[in-house]
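Notes follow once the structure below has been shown.
All residue numbers refer to positions in the sequence shown, counting from 1.
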Amino acid sequence: MATSRRRTRRNVALTGSDERVSRAIGLLELLSSVEDGIVSAEEAARHLGCTNADLDTAIELIATLADRETGARAVIFRDHGDIVLGGDGANLMPLRLSLGEGAVLAHVMSALSLAPEVRNRLSRALLPAGISAAGAPLVASATVYGDAYPQLARAIEQHERVRIAYRAHGEEQPSERVVEPLGIESGDDTAYLLARNVTKNALRRYRMERISAVVPTGEHFEVEPESPRDGWDEEVAELGVAPGADLPTWQGIAETYPSPTVAGATRVRVHVSSPTWLFDQVLAAGGDLRIVGPQHLVDDLRAYARALIEDSARA
């Protein structure tokens with residue numbers, strides 16, 4: 001019986017301690033939410049549902065807090081009828097996102113290849129109640145960086161040559177390329193690795209989600225002083241867009257201007273890193289797009305289309 005009473009008293013004590021900590025956190029959040037860090041004691045008591053004595057206890061508890069890394073302490077005190085948070089208190093300011101901000105962060109975390117423990121830690125620390133990275137609502141299109149982003153970002157920072165397994169457009173299996181990664185370029189829904197292909201000694205763009213493996217070589221390279229984007233994709237195609245047709249919105253479009261030969265038509269100059277991708281876009285447009293130049297791309301498109309017809313006939 002005595003043991004039971006001791007356990008009961010201990011549970012009450014723990015509950016009271018939890019309430020004091022919760023009240024102190026609530027007061028700190030309230031003070032941090034106002035621009036000048038000042039609220040009246042009456043408002044704080046009403047907001048926290050506590051007594052004036054409880055406020056003093058919360059103030060004392062907050063005053064003992066210190067940031068483990070910086071040593072910054074929360075300076076909190078009463079000034080007549082107000083409670084003031086000053087000094088280095090901002091270093092202890094809690095961060096909790098709004099519902100809209102939390103939904104965006106949850107969606108981004110679900111799109112990126114973050115470790116589960118990282119997603120869970122961010123969710124607990126930042127997301128409002130009811131939102132989790134696992135069940136993130138689709139609030140916007142997310143740029144796809146793929147699983148290789150961390151290794152590539154490290155290689156870019158360290159100027160290290162890497163071997164990548166890359167599946168180009170139209171290929172069923174990835175193939176190896178040795179590249180010098182220079183940067184990452186992101187668009188509305190696609191990210192590209194900007195790199196120099198060592199074998200071809202040429203600058204190339206690689207879609208990040210098509211890179212399935214990255215292996216460091218241990219070899220480092222010097223970054224040239226000129227802009228890393230100078231000379232990307234030496235091949236530039238000139239396309240004709242039929243009157244009334246939608247203009248393409250691809251990455252790599254360099255220029256759009258009225259056609260000099262067809263009234264109402266448009267010409268588009270676009271950098272080409274994958275000719276087969278361009279051929280598929282032209283064929284899928286059903287006549288609304290055509291390749292104007294250079295001539296070898298026109299010839300290659302004809303050969304590509306002929307091969308597709310022959311493959312279809314054999315099937």
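Residues Phe279 and Asp300 meet the side-chain proximity criterion, which asks for heavy atoms closer than 4.5 Å. When side chains are defined from C-beta on, Val282 counts as touching Ile291, because their heavy atoms get closer than 4.5 Å. Side-chain contact check for Ile38 versus Leu85: every heavy-atom pair is 4.5 Å or farther apart. Using a 4.5 Å cut-off on side-chain heavy atoms (C-beta onward), Val198 and Phe221 make no contact. Using a 4.5 Å cut-off on side-chain heavy atoms (C-beta onward), Arg163 and Val214 make no contact.
Here the straight-line distance linking atom CG of Leu30 with atom CD of Glu43 works out to 6.0 Å at 0.5 Å rounding.
The number of heavy-atom neighbours closer than 6.0 Å to CD of Gln295, taken from other residues, nucleotides and ligands shown, is above 12. Applying the 6.0 Å contact sphere to CD of Gln158 captures more than 12 heavy atoms from other residues, nucleotides or ligands. Counting heavy-atom neighbours within 6.0 Å of Asp246 CG, excluding the residue itself, gives a total of 12 or less. By the 6.0 Å contact criterion, CZ on Arg267 is enclosed, its count of non-hydrogen atoms from other residues, nucleotides or ligands being greater than 12. Counting heavy atoms of neighbouring residues, nucleotides and ligands inside a 6.0 Å radius, atom NE2 of His80 does not exceed 12 of them.
Here the closest non-hydrogen pair linking Leu193 and Pro181 is CD1-CB, 3.8 Å.
Side chains of Arg177 and Ser175: a donor on one and an acceptor on the other come within 3.5 Å. Residues Tyr304 and Asp299 bring no donor and acceptor atom of their side chains to less than 3.5 Å of each other. Between the side chains of Asp54 and Thr51, at least one donor N or O sits under 3.5 Å from an acceptor N or O.
Between the side chain of Tyr166 and the main chain of Arg207, a donor-acceptor pair closer than 3.5 Å is present. Looking only at distances, a side-chain donor or acceptor of Asn197 sits under 3.5 Å from a matching main-chain atom of Thr199.
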- Show your reasoning for whether salt bridge (charged side-chain N to carboxylate O under 4.0 Å, His left out) applies to Glu238 and Arg269. CA-CA 5 Å; Glu238 185 175 12; Arg269 294 180 69 251; over 6 Å; no
